[in-house]
Student: 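Starting off with a structure, shown below.
In the text below, chain A, chain B and the rest are named by the order of the sequence lines, each starting its count at 1.
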Amino acid sequence: MTGTEAPEALAVLDRDGLDALVAALVADGRTVVGPTVRDGAIVLAELASAAELPYGWGVELDAGRYRLVRREDGAAFAHSAGPQSWKSYLHPARERLWSADRTPEGDLSFTADEPEAPSYAFLGVRPCDLRAIAIQDGVLTGGRHTDGGYGKRRKRALLIAAECTEPGATCFCVSTGGGPAADAGYDLALTEVVDEGGHRFLVRVGSEEGARLLEQVPHRAADMVTDASARAAVDAARDRMGRALPPVDLRTLLGASLAAERWDDVASRCLTCGNCTMVCPTCFCTTTEEVTDLTGDHTERWQRWDSCFDLDFSYLHEGPVRSSGRARYRQWLTHKLSTWHDQFGTSGCVGCGRCIAWCPAGIDITEEVAALHAELETEKETER
Amino acid sequence: MTAVPVPYLVVDRRRETEESVTLRLEPVAEALDDFAPGQFAMVHCFGRGEIPLSVSSVQTTGGLAHTIRNVGAVSDGLCAARVGDLLGLRGPYGTSWELDRARGRDVLVVAGGIGLAPLRPLILSALAEPEAYGRVSVLVGARTPGDLIAREEIESWPTAYTRVMVDWPDKEWRGDVGVVTQLLGRAPFDPAGTWAFVCGPEPMIRATARELADRGVPKERIRVSLERNMRCATGHCGHCQLGPLLVCRDGPVAGWDVAEPLLSVREL
Ligand SMILES: Cc1cc2nc3c(=O)[nH]c(=O)nc-3n(C[C@H](O)[C@H](O)[C@H](O)COP(=O)(O)OP(=O)(O)OC[C@H]3O[C@@H](n4cnc5c(N)ncnc54)[C@H](O)[C@@H]3O)c2cc1C
Ligand code: SF4
Ligand code: FES
């Protein structure tokens, strides 16, 4: 590829090309992270080579259900979101923020923890997860204060998207304003095509860094057939969403539903385990803890993921502000779909469906929102 | 950049009540940016943790004071600090009282218990410029006389009207008995031309602000200080949410027009 070509130039990689791509990233000193099969799920892990991708695996999903299934076509990216998301790497579950030391003379010093950020290459980022990363960017680096650790890791990360051709039964990205196509925020975007023409990946370039990378690996210019089948597969995926949120203004709906009876209903099923917040790719909440060593003169401030389902989350002198399960589920859902707009200017939901698949009680966000919508409509009817 | 505390030296310590102290602090080297009354710092107690504390005094020298009530692990450690001890501070965080907006108007301050602490620098600013404001009134409520902070200082303020009220008097108490809202009918202020500044426990804020609004003070001019759990103060941890607000960022000081609908929902 030469500098004169448009950044949106199309290319095709075959499986060897993808191998070479991962090898080039590794040779560049990058930590390549992508999907791979482990313990009966498709997890995200550091990849030594593209051979570790979940070729030939798909997933069967439903509320509270996740199962790996074999695929005939050998596709690597024909599975939807697994239990983890990229926040595990960009916004890790535990992180030291700073430490403080006391000297015998009585001096006190504070030192920011600023380890060299790893230079990640994320391979196979779903369009929903691309949007989730953009949302966390806004929360953690878009305001008056910046989360320094996140900012550094994010800046150095290279994102290789994999467009969706096989949405899961729990997917509903289209109804959150997204879709199975990657439209922004990637360095390279792959669309996997498996047909008589072979197993290959249509590549779109989204940045100069992506263009440089592509240049390092064997590829060919895109042919019309590959381009057309890639587009067709993504278009078809758009119409095959497993689920949908009701097509109404969700921000207003949730804002008007604070007193809904449905919250009692869902609270009777919710275990307040917080799984939904852990698997959610946009949930960013953290808490801090103080860790002191045996000398007593060195103390460290650690940040770790927290969940709004935890009773201590809203603790204030006498007790938690949100003590009932009803209030905590309401907080989670209302924040996601409504107050997130007020706080950060976007919705906090990308429709990846993880919270549905990984809820031990099988609670389905789309069903809950539909019920809230129905309740509000009924209320309006009776008022009329 | 991740916010890291800056060392501050405890230069003075005064016991306020049985369970609260005021610490005056001076920066050891570099000072934080100036705090405005109403804003808060995250104060670190070595080995215990960090808590949000409003400034109860701000000096032009970069020095400041915190009045701390001992309610748990971190505040206990801070209350035990002695002159010469070092603490870590980050800030300033949050919104301020913005007393300037009340220029030319009556100023009504209503405080509950330790809620007087963050209002103290506001009262001093208003009294320092008597020509700039209308009548300045200070109404203070506390559970018992022993819970009153800055007792002598309150008496010395040249306000138009100052009253202290306690729920549970002791034998020596000669003042008023009852809840602070009962004083609202007695203080001299013109509701339509008043800015009110309210800080205290949430039920007290609710009762006071409702009554002020009923008496005709525009809701937007009833400024209340909100409190929620805070871990980061930088808008990143999610703990301080109150509906659409991140209290560390959009508060702690907010108008009653914004706060009322939020504080009216149980467990929001
Ligand atoms: C903006 C703001 C200003 C404040 N100003 C003052 C002040 O000027 N003087 C004063 O005495 N108090 C003030 N507080 C309250 C003070 O922050 C809490 O009393 C303190 O955090 C309690 O911590 P603790 O560890 O001593 O107590 P504990 O009750 O033992 O705390 C237990 C746990 O809950 C957490 N926790 C409890 N309450 C809060 C809270 N409000 N915010 C964050 N975490 C909390 C603690 O960090 C701790 O992990 C203010 C609170 C806010 C939000
Ligand atoms: S909705 Fe499901 S996953 Fe979320 S806290 Fe409740 S039981 Fe756990
Ligand atoms: S205290 Fe962390 S977001 Fe406000």
Student: Any side-chain to backbone donor/acceptor pair from Glu267(B) onto Ser324(A)? Under 3.5 Å, distance only.
Tutor: yes

Student: How close do Val321(A) and Leu268(B) get, counting heavy atoms only, and between which atoms?
Tutor: CG1-O, 3.8 Å

Student: Give a yes or no answer on whether the side chain of Arg228(B) reaches the backbone of Ser314(A) with a donor-acceptor pair at less than 3.5 Å.
Tutor: no

Student: Provide the closest heavy-atom pair for Asp342(A) versus Arg249(B) in the form atom of the first, atom of the second, distance.
Tutor: O-NH2, 4.1 Å

Student: Check each atom of His341(A) against the heavy atoms of chain B and say whether the ones under 4.5 Å are side chain, backbone, both or neither.
Tutor: neither

Student: For Thr339(A) and Gln241(B), run side chain to side chain donor-acceptor pair (under 3.5 Å): C-alpha distance rounded to whole Å, both residues' side-chain angles, the deciding distance at 0.1 Å, then the answer.
Tutor: CA-CA 9 Å; Thr339(A) 52; Gln241(B) 288 180 74; 4.5 Å; no

Student: Between Gly143(A), Ala100(A), Cys283(A), Ala259(A), who has the most heavy-atom pairs with chain B when the cutoff is under 4.5 Å?
Tutor: Ala100(A)

Student: Highest number of heavy-atom pairs under 4.5 Å with chain A: which of His44(B), Arg266(B), Arg48(B)?
Tutor: His44(B)

Student: Let me know if Leu245(B) has heavy atoms under 4.5 Å from chain A in its side chain, its backbone, both or neither.
Tutor: backbone

Student: How long is the span from the CD atom in Glu202(B) to the CD atom in Glu318(A), to the nearest 0.5 Å?
Tutor: 10.5 Å

Student: When heavy-atom pairs shorter than 4.5 Å are enumerated against chain B, which of Arg301(A), Gln303(A), Gln331(A) gives the highest number?
Tutor: Arg301(A)

Student: By a 4.5 Å heavy-atom criterion (distance strictly below it), what part of Cys45(B) contacts chain A: side chain, backbone, both, or neither?
Tutor: backbone

Student: With side chain to side chain contact (heavy atoms under 4.5 Å, CB included) as the criterion, how do Thr111(A) and Val4(B) come out once you've worked through the C-alpha distance, each side chain's angles and the decisive distance to 0.1 Å?
Tutor: CA-CA 7 Å; Thr111(A) 317; Val4(B) 173; over 6 Å; no

Student: As an exercise, state the distance from CG of Leu87(B) to CG of Leu108(A), rounded to the nearest 0.5 Å.
Tutor: 8.0 Å

Student: Do the side chain of Gln343(A) and the main chain of Gly243(B) share a donor and acceptor less than 3.5 angstrom apart?
Tutor: yes

Student: What orientation do His145(A) and Tyr93(B) show, parallel under 30°, tilted 30 to 60°, or perpendicular over 60°?
Tutor: perpendicular

Student: Sort out for me which of Val291(A), Asp107(A), Asp297(A) touches chain B most, counting heavy-atom pairs under 4.5 Å.
Tutor: Asp297(A)

Student: Between Tyr315(A) and His239(B), is the gap from one ring center to the other below 6.0 Å?
Tutor: no

Student: Tell me, side chain or backbone of Asp293(A) under 4.5 Å from chain B's heavy atoms, or both, or neither?
Tutor: neither

Student: May I ask you to name which of Pro7(B), Gly47(B), Cys240(B) has the most heavy-atom pairs under 4.5 Å with chain A?
Tutor: Gly47(B)

Student: Give a yes or no on this: more than 12 heavy atoms of other residues, nucleotides or ligands lie within 6.0 Å of atom CD of Glu261(A).
Tutor: no

Student: Given the options Pro5(B), Gly235(B), Gly49(B), which has more heavy-atom pairs under 4.5 Å with chain A than any of the others?
Tutor: Pro5(B)

Student: Can you tell me how far SG of Cys237(B) sits from CH2 of Trp305(A), rounded to the nearest 0.5 angstrom?
Tutor: 16.0 Å

Student: Side chain from CB out, backbone as N, CA, C, O: work out which of these in Thr292(A) comes under 4.5 Å of a heavy atom of chain B, or both, or neither.
Tutor: side chain

Student: What part of Asp113(A) lies closer than 4.5 angstrom to a heavy atom of chain B: side chain, backbone, both or neither?
Tutor: neither

Student: Between atom CZ of Phe110(A) and atom CG of Leu86(B), what is the distance when rounded to the nearest 0.5 Å?
Tutor: 8.5 Å

Student: Yes or no on ring pair (Phe, Tyr, Trp, His ring centres under 6.0 Å) for His236(B) and Tyr150(A), after CA distance, side-chain angles and deciding distance?
Tutor: CA-CA 11 Å; His236(B) 300 141; Tyr150(A) 179 93; 9.2 Å; no

Student: So what's closer than 4.5 Å to chain B heavy atoms on Arg144(A): side chain, backbone, both or neither?
Tutor: side chain

Student: Between Thr287(A), Thr334(A), Asp312(A), which shows the greatest number of heavy-atom pairs under 4.5 Å with chain B?
Tutor: Thr287(A)

Student: Search all heavy atoms of Gly238(B) against all heavy atoms of Cys285(A) and return the closest pair with its distance.
Tutor: CA-SG, 3.6 Å

Student: Where does Asp310(A) contact chain B at under 4.5 Å (heavy atoms): side chain, backbone, both or neither?
Tutor: neither

Student: Minimum heavy-atom separation for Glu290(A) and Phe46(B), please, with both atom names.
Tutor: OE2-C, 4.3 Å

Student: Donor-acceptor check, side chain of Asn229(B) to backbone of Leu316(A), threshold 3.5 angstrom: yes or no?
Tutor: no

Student: At a 4.5 Å cut-off on heavy atoms, which part of Arg102(A) comes close to chain B: side chain, backbone, both, or neither?
Tutor: both

